[in-house]
Amino acid sequence: MLTPEIERLAQTPKLLVALDFDGTLAPLVDVPSDSRMTPAAREAIDRLAALPQTHVALVSGRMLGDLRLVSEAAPDSAILLAGSHGAEFDLPPGHAPIVARVPSGQVAVRTREVETALAGLDGVWVEHKPFGFVVHTRLANEDNTELAGEILDRFASEHLAGWRARGGHDVSEFSERAEGKDGAVRALRAAVHATAVLFAGDDETDEDALAALAPNDVGVRVGSGVTSASVRVADAHEMAEVLAQLADARTNFRSA
Ligand SMILES: [Mg+2]
């Protein structure tokens, strides 16, 4: 099902393919460090990244080191990485670096406090991030999930004024920085001088980037949920098919 949009996108002079990782390239799993992209997604992005005038970026809420690990990026990989929703970047040699931000001392303090507040709730755990924290409830029962939500709401209103809150699939993230994936895509687009962008994501945080795309870009929403994307696919497996189609069309266009 090669859509006209993918066909058209394949013919842009300089293409940026910017992709969320979890739920988009990698099926969602219970243990975040176990997350890996599907073999078909891996093959498609490696093919795209090897094409001339074609750049692939992973744009994730994960911190950079963590994203590097789960994406199994080779040290000499041509893939651009944006972590922490675009507060951290790792670009291959040849690209001007995008300046990283420095977290304040508040992050560690608030993360410890929230851990204490949620201690004892089975299945609820707190992930430390450079600019904040994420509360995970995927392994918690309904009661503990609800209780965690109430505790978090209270904690946020008392201690996290000015922080950005983001919801997602069984996660609540709080960050002292407001950077979103829209800013990440903007910075990556400029870094590679892209003439068009494909962005794909499966979660609320991806909608920041999807809503900010230009008319000749293509947005893909993976799974259900309200979206500004023009293309929707069911899951990471279908997403890999779209990427393979884009790689085919781009290869044909480049060799025509
Ligand atoms: Mg995701």
Side-chain angles (χ1 to χ4, degrees), residues 1 3 5-6 9 16-32 34-38 40-41 44-45 57-62 67 70-71 82-87 123-124 127 129 132-142 145-146 148-149 152-153 156 163-175 178-186 188 197-215 217-246:
M1 45 131 229
T3 69
E5 286 152 299
I6 298 292
L9 189 71
L16 170 64
V17 180
L19 306 161
D20 169 53
F21 186 80
D22 294 276
T24 299
L25 298 175
L28 295 175
V29 292
D30 288 342
V31 181
D34 287 347
S35 185
R36 291 294 181 277
M37 62 181 97
T38 64
I45 70 165
L58 300 180
V59 182
S60 175
R62 285 178 182 264
L67 178 60
V70 294
S71 68
S84 300
H85 305 284
V124 178
E127 179 188 358
K129 301 206 40 179
F133 57 85
V134 185
V135 176
H136 292 259
T137 54
R138 188 173 167 94
L139 303 174
N141 64 24
E142 219 170 289
T145 299
E146 199 181 316
L152 264 181
D153 284 348
W163 285 43
R164 180 164 175 181
R166 296 178 173 96
H169 300 304
D170 303 318
V171 293
S172 300
E173 171 157 8
F174 292 86
S175 172
E179 270 92 355
K181 291 190 176 183
D182 48 338
V185 171
R186 199 182 315 120
L188 292 166
V197 175
L198 176 135
F199 181 84
D202 73 313
D203 223 331
E204 272 178 56
T205 58
D206 300 307
E207 289 299 326
D208 294 337
L210 289 168
L213 292 177
D217 296 337
V218 174
V220 183
R221 172 71 184 233
V222 182
S224 56
V226 177
T227 187
S228 350
S230 56
V231 177
R232 192 191 290 272
V233 297
D235 54 22
H237 299 282
E238 270 190 38
M239 186 62 224
E241 285 174 32
V242 170
L243 292 171
Q245 285 158 3
L246 178 60

Residue list, salt bridge (charged side-chain N to carboxylate O under 4.0 Å, His left out) with D30, at least two apart or on another chain: R138

Applying side chain to side chain contact (heavy atoms under 4.5 Å, CB included) to A240 and not counting sequence neighbours gives T38, A40, A41

Between L188 and A82, the two heavy atoms sitting closest are CD1-CB, 4.3 Å

For S84, the side-chain hydrogen bond (donor to acceptor under 3.5 Å, both in side chains) test, sequence neighbours excluded, returns E88

Which residues satisfy the side-chain hydrogen bond (donor to acceptor under 3.5 Å, both in side chains) test with D217, sequence neighbours excluded? R189

Regarding K181 and D20, does a basic nitrogen lie under 4.0 Å from an acidic carboxylate oxygen? yes

Checking R164 now: which residues fulfil salt bridge (charged side-chain N to carboxylate O under 4.0 Å, His left out) with it, not counting sequence neighbours? D208

Heavy atoms of A26 and S35 approach each other most closely as CB-OG, 3.4 Å

Who pairs with R186 by side-chain hydrogen bond (donor to acceptor under 3.5 Å, both in side chains), at least two apart in sequence or on another chain? none

Side chains of L243 and L25: closer than 4.5 Å at any heavy-atom pair? yes

Sorted by chain and number, sequence neighbours left out, salt bridge (charged side-chain N to carboxylate O under 4.0 Å, His left out) with D202 holds for none

Indicate every side-chain donor-acceptor pair of residues 223-231 with a distance under 3.5 Å to a residue at least two apart or in another chain.
from	atom 1	to	atom 2	distance (Å)
T227	OG1	E207	OE1	3.3
T227	OG1	E207	OE2	2.7
T227	OG1	A229	N	2.9
S228	OG	E207	OE1	3.3
S230	OG	E5	OE2	2.8

Any chance the side chains of D170 and T137 put a donor and an acceptor closer than 3.5 Å? no

F21: which residues meet the ring pair (Phe, Tyr, Trp, His ring centres under 6.0 Å) condition with it, sequence neighbours left out? none

With sequence neighbours left out, write down each residue that passes side chain to side chain contact (heavy atoms under 4.5 Å, CB included) with A165, or none if nothing qualifies. F174

Which heavy atom in G168 sits nearest to a heavy atom in D203, and how many Å separate them? CA-OD1, 3.4 Å

Taking side-chain hydrogen bond (donor to acceptor under 3.5 Å, both in side chains) as the test, write out the residues that go with T205, two or more places apart. none

Pairing residues for V134 by the side chain to side chain contact (heavy atoms under 4.5 Å, CB included) criterion, not counting sequence neighbours: E127, K129, H136, V171, E173

